[in-house]
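Note sheet for the following structure.
Heavy atoms only: backbone and side chains are in, while hydrogens, waters and symmetry mates are out.
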Amino acid sequence: MGKPKKKDLPDLSHLCVPGTEIAVRATPKAARNAIVAAEGVLKISVTAVPENGKANDAIRRLLAAAMGTAASRLELRRGAAARDKLFVYQGAD
């Protein structure tokens, strides 16, 4: 996955509050990387395949880019092997 362009992503900087839980509906092996907000959940499509955590890493990087933070600040709390995932923003140390 190439580095996503900030202009192609929605502004999710309002989610950068420590402890914020971010519900995600993942779509791996998509035609392109995208984030769409719908019904209290973020629908994130990535081109990465769901093998060995590649799709989870791609989702984490794409979400972090839209939030304007480092990917290491996002923790995958639930859903490592499922389409419905829960990320938690850890905040700055």
Next item on the list: Before giving the answer on side chain to side chain contact (heavy atoms under 4.5 Å, CB included), spell out for I22 and M67 the whole-Å C-alpha distance, their side-chain angles and the decisive distance to 0.1 Å.
Entry: CA-CA 11 Å; I22 305 160; M67 292 172 65; 3.8 Å; yes

Next item on the list: Give the intermediate values and the outcome of side chain to side chain contact (heavy atoms under 4.5 Å, CB included) for residues V88 and T20.
Entry: CA-CA 6 Å; V88 176; T20 300; over 6 Å; no

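- For the pair R32/S45, no side-chain contact is recorded, criterion being any heavy-atom separation below 4.5 Å from C-beta on.
- Residues L12 and I35 are in side-chain contact: their nearest non-hydrogen atoms beyond the backbone lie under 4.5 Å apart.
- Closest of all the heavy-atom pairs between A65 and L9 is CB-CD1, 3.7 Å.
- A distance-only check finds no donor-acceptor pair linking the side chain of D84 to the backbone of G79 [under 3.5 Å].
- Of the inter-residue distances, the one linking R77 atom CZ with L86 atom CG reads 7.0 Å to the nearest 0.5 angstrom.
- Taking each heavy atom of P28 and A48 in turn, the nearest pair found is CB-O, 3.6 Å.
- Between F87 and E75 the shortest side-chain heavy-atom distance does not fall below 4.5 Å.
- The two residues N56 and A80 have their closest heavy-atom pair at ND2-O, 2.9 Å.
- Hydrophobic clustering of Ile, Leu, Val, Met, Phe, Trp and Tyr side chains at less than 4.5 Å, counting indirect connections, unites I59 with L15.
- Under the 4.5 Å side-chain heavy-atom criterion for grouping Ile, Leu, Val, Met, Phe, Trp and Tyr, V46 is connected to L76 within one hydrophobic cluster.
- No more than 12 heavy atoms of other residues, nucleotides or ligands shown are found within 6.0 angstrom of CZ on R78.
- Side-chain atoms of N52 never come within 3.5 Å of backbone atoms of K54 as a donor-acceptor pair (strictly under, hydrogens ignored).
- Across A23 and V41, no two heavy atoms sit closer than the pair O-CG2, 3.4 Å.
- Taking CD from Q90 and OG1 from T69, the interatomic distance works out to 10.5 Å, rounded to the nearest 0.5 Å.
- Looking at heavy atoms from C-beta onward, I44 lies out of side-chain contact with T27 at the 4.5 angstrom threshold.
- Atoms CG and CZ, from L74 and R60 in turn, are 7.0 Å apart once rounded to the nearest 0.5 Å.
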